[in-house]
Amino acid sequence: MAQAAREKENYSAACRAFTKTRAGLDQPWLTALRERAAESFQGLSFPTTRDEEWKYTNVAPLLEKQFRQLFDLDLSGVQAKRLESVTFPEARESRLVFVNGIYAAELSNTSGLPDGVQVANLSQFASGSDQFPEAALGSLADHENDTFTALNTALIGDGAVVRIPRGRAIEQPIHLLFLTAATEQIVAYPRVLIVAEEGSMATVVESYASLQNESCFNNAVTEVIVNPGASLDHYRLQQESERAFHIGTTRVRQEQGSRYRSLAISLGAEISRHTLNVEHRAEQIETIIDGLYIVTGSQHVDNHTSIDHAHPHCQSSQLYKGILDGRARAVFNGKVFVREGALLTDARQLNKNLLLSGTATVDTKPQLEILADDVKCSHGATVGQLEEEEIFYLASRGISSERARALLTFGFAGELIERIGIRSVREGLDRTVLDKLHQSLEVE
Amino acid sequence: MSSSIEALANREYKYGFVTEIESETIPRGLNEDIVRLISAKKNEPEWLLEWRLKAFRHWQKMVEPEWANVNYPKIDYQDIIYYSAPKPKEKKKSLDEVDPELLDTFEKLGIPLHEQKMLANVAVDAIFDSVSVATTFKEKLAKEGVIFCSFSEAVHEYPELIKKYLGSVVPYTDNYFAALNSAVFSDGSFCFIPKGVRSPMELSSYFRINNSESGQFERTLIVAEEKSYVSYLEGCTAPKFDKNQLHAAVVELVALDDAEIKYSTVQNWYAGDEEGRGGIYNFVTKRGKCAGINSKISWTQVETGSAITWKYPSCILLGDNSIGEFYSVALTNHMQQADTGTKMIHVGKNTRSRIISKGISAGRSNNSYRGLVKINPKADNSRNYSQCDSLLIGTKCGANTFPYIEVANNTSRIEHEASTSKISEEQIFYFNQRGISTEDAVNMIINGFCKEVFRELPMEFAVEATRLLGLKLEGSVG
């Protein structure tokens, strides 16, 4: 207990120091939001495995470590070549880059975006005359009850704000890249706000990568508002170093007739957690949330999703797939709520896991809570290894069993990767996944 | 359609009568003296009293769990009578000496205790409030070496067996209600099948709560030795009272090498009225241990009663090649709440488990399936298949599924499926078109929905269960 109190005090002290340094720099509304969050952080404690939501993920190893938050931009760790490997040409002129949580104007470029599309860092809004984020920021992310969200909100420094104007379809994917590149153990609090106005359409790629192998901690919060008739594709790629810690929270609000599609890919980090909550505010909504996690060694990955069907005539589908090797551990918890009156809801959910080693573990909990009768809901979960018959099928065609295994495993992941609409992201992921699997499967 | 569906389910609970019988009760409340008093009433040996006291002291340190998806006002454990027994006449040798009032009661419930009148080949242990009043077919069973008697009798006659197995599957430290039961359990059934014996008949316990102020805390212990087989049935009813009553039982099963235990329950405790007044809180710990290789434990339950049901009949698959099965139909109507499911803990190699759960919710009830499938690192080649289907009747009820799947072995294979649906207009139309009334159609659809579970029940029970579902839903379909 004393230990927990000490850990919390470290972060509390950071909150106080931060408030002081930022005093006078920001609009009063942002300062007030920060203070409210800092206050609720005081009243909260870090989750333990006794909390149902964190039953299988122990954050103690993360809390034991001391991380430092940086305030000055330092690009010395960012080599052009490495940067190339984590960016993609389609978004060369529509990207924002943050290094160690700080906006890097030199690396960002939004010149390719059509007029009216707002893609900028939060500071520009926070000190300027356009106060549009004021109403939206913090409106979804629950800093009153969620400790990590409270901490992120209390320490909002900079972040990415995306607004797609009414009725516009943006062709270029918008890339928000959060890099860690430091020679010490640092912590960053990335914050993203995406608002798709009525009838608009866009694709946003939110990615997290590290350019060094130092342990670091990213506590990210993303808020997404999909207004009536809007359609948003949201890819979230987490490919940090295997010594990183990543706690991410995404909260989505969908309005009448909107469509939201998300694909969350987790490849990196020692402990990685992504909580994705989607809330339906009206009828005729479509939600597709997919996920892929590939973990090896002693990695731990945790995906918590929840979809709140509160209105009739909405659809949701979820497919989360995982490949595990070594002593890796994966957790999946998918909740589907169908509230009273949410008739004609169609909700499907599936979690499939492939265990490559005898020491990997999976804890999965697909969960349905249904309070309406005229609905179609189903969920499923499987855990197993590759089918011997499939390997035999390939072997009978002259493919060695190692290669057959690699092919089948790659195909297992491929089902999700091929759903990505951006060619070079898809190809890049194919390569990354192959690399990662090759280490596991020991083939050329 | 749904208005006529709803019109159908509101038939009176036919087991709701009270038997006027003189009973001996102890003061309400719970403390060490009460535990001692219960133990003294039953002439228990010192070691059992010690065990009860240990359990009681442990219970005092525990907190009532709150994680289940059920809501109820806090139970005042000091306002319960922990022991109530029909006033003893002399010690009974044969059924002729059993109080005729009691025999009448069981007759009304459809449990004939008179052996000569029995058509069904079932041995019954009847438990009235806190004590066992009669066990039938004892001699016939004894010939085969099968021991089937009340728990208190077993404590005196077979202390070694009780000492060896009591608490071996559900220790008194297991959970809040198991600890409470261990401290105050009054009676129950004990059943022992020796090596190589197939029990010549179905064994059965019938539980009846009669006193409005008492709780019922019974314990069942079944031990199946090597290569033996037993099929055990359990039935329960209670009178209608406006007060909620607590039923916290413990059932322990032990199956040694090649043994098989089949445990079936038709639970029809009083469920409370339409507004949710009264009814039984059924907080039960049931667990089986497949201790030997090739052993098998199969749970089948039809849960239709109780205001709140909170139970997870589980299997610990210790022995290699052992099998655990769980077949369940849980029906809730009006204000009933059920949070039920199973745990399958795979420890041995090549262990297999199968879970089939069918939940039906109607009225304003809430029905949850909660289950755990855990594959330990050494449980090579184990296999689990789970299927949880829910059927909703009406727009005010709820159906939830909370499956926990924990896998730490890559040679094992786990599949879980769940679906939720309602009876569609098309299905009803199809029946109507062929001249079958909506009510019959719904009954048939529901029976079809539950068929996989019903076919696991012994014949008499299957008939009873089918009828029970029909009665329960009467008026909720139309």
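Just so it is clear, the structure is predicted and the values come from calculations on it, not from any experiment. In what follows, chains carry the letters A, B, and so on, assigned in the order in which the sequence lines appear, proteins first and then strands, with residues in each chain numbered from 1.
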Counting only heavy atoms not in B:Arg352 (residues, nucleotides, ligands), do more than 12 fall under 6.0 Å from its CZ? no
Heavy-atom pair count under 4.5 Å with chain A, highest-scoring of B:Ala408, B:Ser421, B:Ser390: B:Ala408
Answer yes or no: does atom NZ of A:Lys335 have more than 12 heavy-atom neighbours from other residues, nucleotides or ligands under 6.0 Å? yes
For A:Pro366 and B:Pro403 the tightest heavy-atom approach is O-CD, 2.5 Å
Between B:Thr401, B:Thr411, B:Asn367, B:Leu391, which shows the greatest number of heavy-atom pairs under 4.5 Å with chain A? B:Thr401
When you look at CD of A:Glu389, are more than 12 heavy atoms from neighbouring residues, nucleotides or ligands closer to it than 6.0 Å? no
Atom group of A:Glu52 that falls short of 4.5 Å from chain B, counting heavy atoms: side chain
A:Ser357 versus chain B, the contacting section by heavy-atom distance below 4.5 Å: backbone
Expected output: side-chain B:Arg413 to main-chain A:Val383 donor-acceptor under 3.5 Å: no
From the list B:Ser368, B:Gly398, B:Ser412, B:Ala399, the residue making the most non-hydrogen contacts under 4.5 Å with chain A is B:Ala399
Given heavy-atom pairs under 4.5 angstrom as the criterion, report whether the side chain, backbone, both or neither of A:Ala381 touches chain B. both
Rounded to the nearest 0.5 Å, the CZ atom of B:Phe402 sits from the CG atom of A:Leu368 at a distance of 9.5 Å
Please classify the contact of A:Phe332 with chain B as side chain, backbone, both or neither, using a heavy-atom distance under 4.5 Å. neither
Heavy atoms from other residues, nucleotides or ligands near CE of B:Met62 exceed 12 (cutoff 6.0 Å): yes
Residue, of A:Leu355, A:Asn333, A:Thr364, A:Thr382, that accumulates the most heavy atom pairs under 4.5 Å with chain B: A:Thr364
Working to the nearest 0.5 angstrom, can you tell me the gap between B:Ile423 CD1 and A:Asp374 CG? 12.0 Å
Residue A:Lys55 versus chain B: region with a heavy atom under 4.5 Å: side chain
What I want to find out is whether A:Lys365 reaches B:Glu406 closely enough, with some N-O distance under 4.0 Å, to be called a salt bridge. no
Checking B:Asn410 against A:Leu356 for the side-chain contact (heavy atoms from CB on, under 4.5 Å) test, could you report, in this order, the C-alpha distance in whole Å, the side-chain angles of both residues, the deciding distance, and whether it holds? CA-CA 7 Å; B:Asn410 72 325; A:Leu356 300 178; 5.9 Å; no
Are there over 12 heavy-atom neighbours, none belonging to B:Lys374, within less than 6.0 Å of that residue's NZ? no
Spacing of CG belonging to A:Leu371 relative to NZ belonging to B:Lys396, to within rounding of 0.5 Å: 12.0 Å
Residue among B:Asp380, B:Val407, B:Leu392, B:Asn409 with most heavy-atom pairs under 4.5 Å to chain A: B:Val407
Quick one: of A:Cys377, A:Gly380, A:Ser378, who has the most non-hydrogen atom pairs under 4.5 Å with chain B? A:Cys377
When rounded to the nearest 0.5 angstrom, what is the spacing between OG1 in B:Thr420 and CD1 in A:Ile370? 3.0 Å
To the nearest 0.5 Å, what is the distance between OG1 on A:Thr361 and CG on B:Asn376? 11.5 Å
Validation row: A:His379, B:Glu417 side chains within 4.5 angstrom (heavy atoms): no
Which one wins on heavy-atom pair count under 4.5 Å against chain A: B:Pro377, B:Ser419, B:Ser386, B:Cys388? B:Ser419
From A:Asp373 CG over to B:Cys397 SG, what is the distance, rounded to the nearest 0.5 angstrom? 6.0 Å
